[in-house]
Structures are given as structure tokens and as C-alpha cells.
Amino acid sequence: MMFCEGCGIQLQMEEESKPGYIPDAALEREHKYCKRCYRIRHYNELSTVDHDPGIYLQILGQIAQTDSLVVQIVDLFDIAGSWIPGIHRHIGNNPLLLFGNKIDLFPQSVKTGKLKEWMHSYAKELGVKPVDVVVGSAAKQEKMQEVREAIERYRQGRDVYIVGVTNVGKSTFLNYLLEEPIITTSPYPGTTLDVIHIPLDDDRNIVDTPGIVKKNRLSEWISPKELGEVIPKSRLNPKVYQLHSDQTIFLAGLARMDYVEGKRQPFTCYFSNRMYLHRTKTEQADVFSEKHLGGMLQPPADPKDLPALQKHRIVLTGTQKQDIVISGLGWIACGKERGVVDIFAPKGIEVTLRPSII
Ligand SMILES: Nc1nc2c(ncn2[C@@H]2O[C@H](COP(=O)(O)OP(=O)(O)OP(=O)(O)O)[C@@H](O)[C@H]2O)c(=O)[nH]1
Ligand SMILES: [Mg+2]
């Protein structure tokens, strides 16, 4: 049996329309890639594959039977949204190392200690006790030495499983270790289709796994064409709005924030630099949205692609700075004043409040 080096799927030469297809001629090449990987790698093209959600649970479940170190990668941009629900139940008694990836997106002033602390307390709240927490950027190769060393320290001669939800950078991380981009990575969720074993120096393996699909992240709903505007690629330039109540910010056509009640205070928006933000009076917001949704307010180009907006009422306690996180999109850091805010986000998308991380 042969497996695609890019996505892990079993290769087959019979049916071109089915996953894992490889033409005869491609078998001669040094690295064997299925047709889908070939297209992603050479043409940035994506042919979506129907994912069987059972496969992730099956793969995770098998890890519990092994003696290994499990590295859960989370996206620092969206820690809660990119967390694997019930991770500790899936991995049995194996030690868990947490790696917060994509630190390159944060303003340089951010303290890594604070991010680690936050990941620690988030894990603790869920009853998870990681052996350690590390942060870095696999794509930009920032602070990666610490990550590498932590894995060596905690694996103690065991196999290593890299797990996480889709798009957190698992395969990018393995390519960093390989010092060569052998595994296929892409901005679209669901790139890796099956496990990929990479041999370590001591006959052990480090294993890439397919990401778990979590539909409560907005990024999972955006068409591949528009994802480039929503997923940040470079350091965020936060935009500060001094708002008084009865003002609204549109986050493109994807979500909206109404400042319902409270004193004038700053709201700092951490979203992709390419995303269009628009301030208006709340009383004019509905008319504005009707007129411009799918036009000036896009993505989405076609609003029918997303579930209808649902209102989340949020009360700012006024005791500490808080962030309102819209999973898979970004967050708004609120000022210190007491206040009431309504967030409108597509139904099913997670909207949460956390102590400010910056
Ligand atoms: N800004 C930033 N982007 C990153 C980083 N690491 C990975 N990415 C990007 O995140 C996207 C997803 O990366 P992958 O490595 O394919 O993610 P994955 O976890 O393997 O995803 P699946 O295979 O779908 O589960 C790609 O566009 C990467 O370039 C990082 O450190 N910083
Ligand atoms: Mg992958």
C-alpha cells in the first residue's frame, strides 16, 4: 500500500474522481502526491473532500492505546475556538504538551508569559493538566527552539502525536521539523486527510493527524475565495474606535457590534488587516446593512452562504479589561467602563468573553 506524502491518504490509480488518485506517470517522482495535493501545491487550488467526522475520533481514540507524548496545537488567535473538546478523555494517560501557534500575528509588545499563563488557566478551567505550555510561530519560525526542546524533553523516547482542530498549523509545524515543506499545508481547513508518520532519529515517529472540524468557528464557513480576507497572514494592526452608546461597528458582512449602553470608551478591533470595518449610528445600522451587505460589506459576497445572524448580549463588568472573541474571526478588546454590548454573529458561531490578553 502507498500513501500520499502530502495528506496521508491511501493512493489509488483506478478512479480519478475519488480521493487519493495518482496518475501512473506521477509514481516515478521522488515524492508521491495525490492529485488533490498536487493541485493545492502547484495551483493553490482546493477540491473539498467530504470528511467523515468519525475518522478524527477514531484516530484520537487510538492515541489513548499508545505510549506517547501528545502535542495539542492551538491557534493563539482563537484559543477557545481551536481547542479540542474533551482532549484529556481522548488521549488516555499520555502526557499533553500545549503549543500555542501563530504568535507572529500578535503585536510585538505582547508578553509571551501572559499568553502562556492564559493558556494554562484556560486548560485548568477545563480540568486539563498539560506538562508544559509553549508558544511560537511554525510558519515564521519565531521562538521555535523552545518548542523543539520541550518535545525532546517530554517525549523521553516515545512517539509524538500532533493533534488539533483544522488549520492551527500542525502540518506547517512538521514541515518546520523536516526543514522541507513535504507535507501539504493550505489556508483551507481540512488539508490533511489521514495520519502521516515521520521517523525520528531513534526509530520512533512523530505523527501528523487530520484536523478536527469544529463548525463553531466562522473561518470554517467562509468560501476558499474569501478566506484570504478573514484569516490574518501578518502582524495585526489593531483598529481603535472611541465609541459612545448607540454606535455600531460592522465587521465586514460577517458580524456586527452594537454598543448599547455605557460611557464613551475605546474598543480595539483585532481582525485580519484586510477585513473591512465600518462605524455607523446604531439607528441607521439596519438600513445600512440592507443596502450594503454583499457589496461594501463583504465577505460574504453571497450572504446566503452563512447562517442568519444571532444576537449575543454581553455585559462588561467594568472591573477589568475584557475581550469579546468571535471564534474564527478575531476579537474586540473593550475599555474598562461598565457597559452593555450586543454582538450579532452567524448562528452557531461561538462568541465568548475573556479577560483581556493584550
Ligand atoms: N500566521 C501564521 N500562519 C500560520 C502559522 N502556522 C501555520 N499557518 C498557516 O495556517 C494555515 C493552516 O496551516 P496547516 O499547517 O495546513 O494547518 P493544519 O493544522 O495542518 O490543518 P489541517 O490539515 O486542515 O488540519 C496555513 O495557511 C498556514 O500557512 C504561523 O505560525 N503563523
Ligand atoms: Mg494538516
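Nothing fancy with the numbering, it's 1 onward along the sequence. Each ligand, and each atom within it, is numbered from 1 in the order the structure gives.
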Does the pair Glu220/Lys214 count as a salt bridge with the N-to-O cut at 4.0 Å? no
Any heavy atom of Thr191 under 4.0 Å from ligand 1? The part involved is both
Do Arg36's NZ or CZ and the ring of Tyr21 fall within the cation-pi criteria of under 6.0 Å and 45°? no
Could you tell me the residue and atom name of the protein heavy atom closest to atom 32 (N) of ligand 1, and the distance to it rounded to 0.1 Å? Asp104 OD1, 2.7 Å
What residue pairs, at least two apart or across chains, pass side chain to side chain donor-acceptor pair (under 3.5 Å) with a residue in residues 297-309? none
Heavy atom under 4.0 Å from ligand 1: found in Ser234's side chain, backbone, both, or neither? neither
Under a 4.0 angstrom heavy-atom cut-off, which atoms of ligand 1 come close to Ser137? 30 (C), 31 (O), 32 (N)
Could you tell me, atom by atom, which parts of ligand 1 come under 4.0 Å of a heavy atom of Gly190? 24 (O)
For atom 8 (N) of ligand 1, which protein heavy atom lies nearest, and how many Å away is it? Lys102 CE, 3.8 Å
Those atoms of ligand 1 less than 4.0 Å from some heavy atom in Pro187: 27 (O)
As an exercise, identify every atom of ligand 1 less than 4.0 angstrom from a heavy atom of Lys170. 15 (O), 17 (O), 18 (P), 19 (O), 20 (O), 21 (O), 22 (P), 25 (O)
Ser186: which of Thr192, Thr172, Thr191 passes side chain to side chain donor-acceptor pair (under 3.5 Å): Thr191
Mind checking whether Ser186 has a heavy atom under 4.0 Å from ligand 1? yes
Heavy atoms only: which of Ala139, Pro232, Ser219 lies closest to atom 30 (C) of ligand 1? Ala139
I need the atoms of ligand 1 closer than 4.0 Å to a non-hydrogen atom of Gly211, numbered in the order shown. 25 (O)
Does any N or O in the side chain of Glu142 come within less than 3.5 Å of the main-chain N or O of Lys102, such that one atom is a donor and the other an acceptor? no
Think Arg256 forms a cation-pi with Phe344, using NZ or CZ under 6.0 Å from the six-ring centre and within 45 degrees of its axis? yes
Using modelled atom types and a 3.5 Å cut-off, is there a donor and acceptor pairing between side-chain atoms of Gln72 and backbone atoms of Ile84? yes
Out of all atoms in ligand 1, which are within 4.0 Å of some heavy atom of Ala138? Include the element for each. 31 (O)
How many degrees, to 10°, between Thr192 OG1 and Ser171 OG as seen from the Mg ion (ligand 2)? 90°
Out of Arg41, His42, Arg39, which residue meets the side chain to side chain donor-acceptor pair (under 3.5 Å) rule with Tyr33? Arg41
Residue and atom name of the nearest protein heavy atom (relative to atom 14 (P) of ligand 1), distance in Å to one decimal: Thr172 OG1, 3.6 Å
Parallel, tilted or perpendicular for Trp83 and Tyr122, by the 30°/60° rule? perpendicular
Between Glu117 and Lys114, is there a side-chain N and carboxylate O pair less than 4.0 Å apart? no
Polar-atom distance check: Gly136 versus ligand 1, any N or O pair below 3.5 Å? no
Specify side chain, backbone, both or neither for Leu105, according to which of its non-hydrogen atoms lie closer than 4.0 Å to ligand 1. side chain
